Amino acid sequence: HKDGFGNGKVCEVRGSEAINKQPEKCFALQTPEFENIPECRPLCRTDDLWSYPARLQFSGCEGCLADKHCSCEVKCKAGFNFAGGLPEGNRNCSQAQLQLQAGIACIKIESQKCLLTADEELRASTNIVSCSECTYGKDCRCTAHCKPGYVKAPDSPDDGAKQCVLKDVPDTPDQCSLATTLEECTTKTHGGKVCCWQAETGSADTPRCLPLNDTKLIMQFVDNDWYPKCGRKQVAQLEDFPKCVKACTHRFDKVPGVPGFKYDAEACGSCIPGQACACRVTCDENFEWVGGGSEGSRSCERDA
């Protein structure tokens, strides 16, 4: 009681002799309440996952609860490679962040065409056939042979059929973050990783060019195009063509009316000016040299 009981106390144990007036209020030993009140948790949201249906594959993400383990698995679809951002795998949400985040950057696996880069000198010396439409991983009918009057230089790649193969892109000394344009970024490799260009960044402190698999890379669709755009650690190139050089010329096949004259047409037709030559001219069997140029080796010198 606010005015106190017989002993001056405002609160006394029920049944006490000091309670000499009607209490204003007593504590209830039992209180009424509903039984089995349900515990409610918010559902995780999947809006972000559905933002990239063409590139992202996810499963087990519907019906997940905040702050509870979720069986949601996220990865790049077949035909796409992981480029960066959050790693592929499990996703969960919390009451503070209900969105199941994609957070992943997937880039399309493009078929690589072999570019034919043949300068005038190469085209002048080499017959190049069906080499402009080769794609890595597919049959290529490209062939390269030295033209008549030219021979394959020593230690040169063989002539004949050429396939479209992958060749490593050499490392560049500068870090990806120093690139300022898309072209500069996607032609760099640094520390064994290709560089990737973002259309936009989340903050002014984040470079637009980052190494592959960087956690700051994000997937974006800007101006009807997908980002990031990444370079290649390996590029498709045709196998090396033979180096064809001018051959020594001769007129041994034009020697008229000289019985018994003998030479090796293949050896004499494959000599290189200024180098040792396997060409030999001799008298045939049952003939004896009697004059003119001596029998033996023949070679030619470079033009002055």
Side-chain angles (χ1 to χ4, degrees), residues 52-57 75-85 88 104-147 150 152-153 156-174 176 179-199 208-214 217 219-244:
Y52 313 104
R55 297 184 168 224
L56 209 59
Q57 180 175 321
K75 64 180 181 179
C76 296
K77 273 189 174 181
F80 295 86
N81 277 339
F82 172 75
E88 295 179 291
I104 188 174
C106 304
I107 54 175
K108 189 173 183 179
I109 303 172
E110 304 281 359
S111 60
Q112 288 201 55
K113 270 188 107 171
C114 269
L115 298 178
L116 176 60
T117 53
D119 55 27
E120 290 185 15
E121 182 180 356
L122 178 63
R123 292 184 182 279
S125 63
T126 313
N127 276 323
I128 301 170
V129 180
S130 301
C131 298
S132 60
E133 296 297 326
C134 290
T135 300
Y136 174 70
K138 296 183 179 180
D139 186 44
C140 176
R141 299 183 179 182
C142 169
T143 59
H145 295 276
C146 294
K147 288 184 176 181
Y150 290 84
K152 186 169 74 72
S156 165
D158 291 335
D159 56 4
K162 299 295 174 183
Q163 293 299 316
C164 184
V165 297
L166 293 180
K167 296 186 179 181
D168 290 337
V169 176
D171 251 18
T172 50
D174 294 337
C176 298
T180 57
T181 65
L182 169 64
E183 182 178 2
E184 182 186 3
C185 178
T186 54
T187 53
K188 277 178 175 289
T189 62
H190 185 76
K193 289 186 176 182
V194 300
C195 300
C196 301
W197 181 261
Q198 302 189 98
R208 291 182 69 179
C209 188
L210 292 167
L212 183 71
N213 297 344
D214 193 286
L217 283 170
M219 191 152 55
Q220 303 166 315
F221 188 67
V222 178
D223 296 332
N224 294 319
D225 205 355
W226 283 100
Y227 290 85
K229 294 188 177 297
C230 300
R232 297 182 187 275
K233 191 166 175 22
Q234 293 182 308
V235 294
Q237 293 182 7
L238 288 164
E239 292 178 306
D240 292 335
F241 290 161
K243 182 180 179 182
C244 300

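Predicted model only: the values in this text are computed from it and were never measured.
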Would you check if the side chain of R141 reaches a backbone N or O of S130 as a donor-acceptor pair within less than 3.5 Å?
no
Could you walk me through whether C140 and C131 pass the disulfide (SG to SG under 2.5 Å) test, one step at a time?
CA-CA 8 Å; C140 176; C131 298; over 6 Å; no
Is a donor on one side and an acceptor on the other found under 3.5 Å between the side chain of E88 and the backbone of C76?
yes
Got a donor-acceptor contact below 3.5 angstrom from the D171 side chain to the G191 backbone?
yes
So do C114 and E239 actually touch side chain to side chain, heavy atoms under 4.5 Å?
no
CG-NE2 distance between D174 and H190, expressed to the nearest 0.5 angstrom:
8.0 Å
May I ask you to check whether over 12 heavy atoms, not counting those of D119, lie within 6.0 Å of atom CG?
yes
For E184 and K188 the tightest heavy-atom approach is O-CG, 3.4 Å
Would a distance-only check, ignoring hydrogens and angles, find a side-chain to backbone donor-acceptor pair under 3.5 Å from K147 to R123?
yes
On a heavy-atom basis, which atom in F241 and which in L122 lie closest, and how many Å separate them?
CD1-CD2, 3.6 Å
Are more than 12 heavy atoms from other residues, nucleotides or ligands located less than 6.0 Å from atom CD of Q234?
yes
Does the T189 side chain pair with the main chain of P170, one donor and one acceptor, at a distance under 3.5 Å?
yes
Once you round to the nearest 0.5 Å, how far does OG1 of T126 lie from NZ of K152?
12.0 Å
If you round to the nearest 0.5 Å, how far is CG of D158 from NE2 of H145?
11.0 Å
With a 3.5 Å distance limit and no angle check, can you tell me whether Q220 reaches the backbone of A199 through a side-chain donor-acceptor pair?
yes
Does the SG-to-SG distance between C209 and C176 fall under 2.5 Å?
no
Does any part of the side chain of L56, heavy atoms only, come nearer than 4.5 Å to the side chain of C106, both counted from C-beta?
yes
Is a donor on one side and an acceptor on the other found under 3.5 Å between the side chain of R208 and the backbone of Q198?
yes
Candidate list L212, L182, L217, L210, test side chain to side chain contact (heavy atoms under 4.5 Å, CB included), partner P228, passing option
L217
From T186 OG1 over to R232 CZ, what is the distance, rounded to the nearest 0.5 angstrom?
10.0 Å
Sulfur to sulfur, is the gap between C134 and C164 shorter than 2.5 Å?
no
Examine distances only and state if a side-chain atom of T135 and a backbone atom of K113 form a donor-acceptor pair shorter than 3.5 Å.
no
Could you pull out the closest heavy-atom pair between V194 and G231, with the gap in Å?
CG2-O, 3.6 Å
Looking at CD of Q57 and NZ of K77, how far apart are the two atoms once the value is rounded to the nearest 0.5 Å?
7.0 Å
Answer yes or no: are there more than 12 heavy-atom neighbours, outside K243 itself, under 6.0 Å from its atom NZ?
no
Nearest 0.5 Å, what's the SG-CG distance between C230 and N81?
9.5 Å
Please say whether more than 12 non-hydrogen atoms of neighbouring residues, nucleotides or ligands are located less than 6.0 Å from NZ in K108.
no
With side chains defined as the heavy atoms from C-beta onward, is the minimum distance between F82 and N213 less than 4.5 Å?
yes
Is the number of heavy atoms from other residues, nucleotides or ligands under 6.0 Å of K229 NZ greater than 12?
yes
With F221, which of Y52, Y227, W226 fulfils ring pair (Phe, Tyr, Trp, His ring centres under 6.0 Å)?
W226
Please report the closest heavy-atom contact between A161 and T143, naming both atoms and the distance.
CA-CG2, 4.1 Å
Do the non-hydrogen side-chain atoms of Q112 and V235 ever get within less than 4.5 Å of each other?
yes
